[in-house]
A.B. asks: 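Okay, handing you the structure first.
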Amino acid sequence: MLVNAKEMLDKALAGHYAVPQFNINNLEWTKSVLLACEEVKSPVILGVSEGAGKYMTGFKTVAAMVKSMDETLGITVPVALHLDHGTYEGSKACIEAGFTSIMFDGSHYDIEENVAKTKELVKLAHDKGVSIEAEVGGIGGVEDGVASDGEKADPAECKMVADLGVDFLAAGIGNIHGVYPADWKGLDFSVLAAIKEQIGEVPLVLHGGSGIPEDQIKKAISLGVSKINVNTELQLVFAKATREYVEAGKDKEGKGYDPRKLLKPGTEAIINECKNKIAVFGSANKA
Ligand code: 13P
């Protein structure tokens, strides 16, 4: 069932768990994520970066694929199709293409411009029943070519953006996209608590969910994080399983080179990893 992400995140905030955002890259990814979430009855947000959208030949293709796959597989859990780190233009394009949720990432603008653009997009999105995420402060590292040094969010600025009527808010709290470096200092819970105090009942989003230790994930959820984004870890398990298949020479046995066989270990690895994350985030049986 394709829905916007507001209700599932409001429920997660009230129920003290987090809904996973799993980023999708192609048809196999989408199918694996949907099957995993249906199996354990977790609501899910399918994240699509602008780069991944382009790779899949455009937002309209993605929306059509997700909609019909959701129906054909008989998915019963709530599924939101969400733009990840959208530009102003990309956000508008996704609203038109049939996405049910968008993230406008105006964090690289000064706060006045971030507020002005976010405000405009809140209206456009809500007029079409689409939920909207905004961002304050930077998430470190590189997400699909979009780089940031990582800047912890200012709680007063978070309040300014939350008050615009955004449905959920991403805030930099020391989190990083991609693999965490060995000397990473961890999440800054004092900044997280100060933000929460300012923004009240607006659900918070934790980007860079790959590789954050379980105790930090649980503490972040207890402090008001209701959505956690995961991309890199699914890519890593897919690559590892595919590499093992090829290195074992299985692509040379029989018709092991058939893409349906070649990609099977990787897609199974994605399903397993999604279920692992859902167990930590507490979103199983919350659909
Ligand atoms: P990771 O790639 O670090 O899991 O982060 C995903 C993300 O935050 C997408 O916005």
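Computed from heavy atoms alone, side chains included, the values below leave out hydrogens, waters and symmetry copies. All values reported here derive from a predicted model rather than from experimental measurement. Remember, it's 1-based here, ligands and their atoms both numbered in the order they're listed.
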A.B. asks: Can you tell me which portion of Asp84 lies within the under-4.0 Å heavy-atom range of ligand 1? Options are side chain, backbone, both, or neither.
C.D. replies: side chain
A.B. asks: Less than 4.0 angstrom from a charged side-chain N to a carboxylate O is my criterion; do Lys67 and Glu71 meet it?
C.D. replies: yes
A.B. asks: Check this for me - ligand 1, Val230, N or O atoms closer than 3.5 angstrom, yes or no?
C.D. replies: no
A.B. asks: Does NZ or CZ of Lys117 come closer than 6.0 Å to the centre of the six-membered ring of Tyr109, within 45° of the ring's axis?
C.D. replies: yes
A.B. asks: May I have the step-by-step check of salt bridge (charged side-chain N to carboxylate O under 4.0 Å, His left out) for Lys227 and Glu133, ending in yes or no?
C.D. replies: CA-CA 11 Å; Lys227 167 175 179 279; Glu133 171 181 349; 2.7 Å; yes
A.B. asks: Would you call Glu268-Lys264 a salt bridge at under 4.0 Å N-O?
C.D. replies: yes
A.B. asks: Using a strict cut-off of less than 4.0 Å between a Lys/Arg side-chain nitrogen and an Asp/Glu carboxylate oxygen, indicate whether Asp215 and Lys219 qualify as a salt bridge.
C.D. replies: no
A.B. asks: Which ligand 1 atoms are under 4.0 Å away from a heavy-atom of His85?
C.D. replies: 10 (O)
A.B. asks: Output the list of atoms in ligand 1 that are nearer than 4.0 Å to some heavy atom of His177, sorted by atom number.
C.D. replies: 3 (O), 5 (O), 6 (C), 7 (C), 8 (O), 9 (C), 10 (O)
A.B. asks: Below 3.5 Å, N or O to N or O, backbone or side chain included: is there any such pair between Asn23 and ligand 1?
C.D. replies: no
A.B. asks: Mind checking whether Gly178 has a heavy atom under 4.0 Å from ligand 1?
C.D. replies: yes
A.B. asks: Considering only heavy atoms, does Glu233 approach ligand 1 within less than 4.0 Å through its side chain, its backbone, both, or neither?
C.D. replies: neither
A.B. asks: With a 4.5 Å cut-off on side-chain heavy atoms, are Thr72 and Met69 touching?
C.D. replies: no
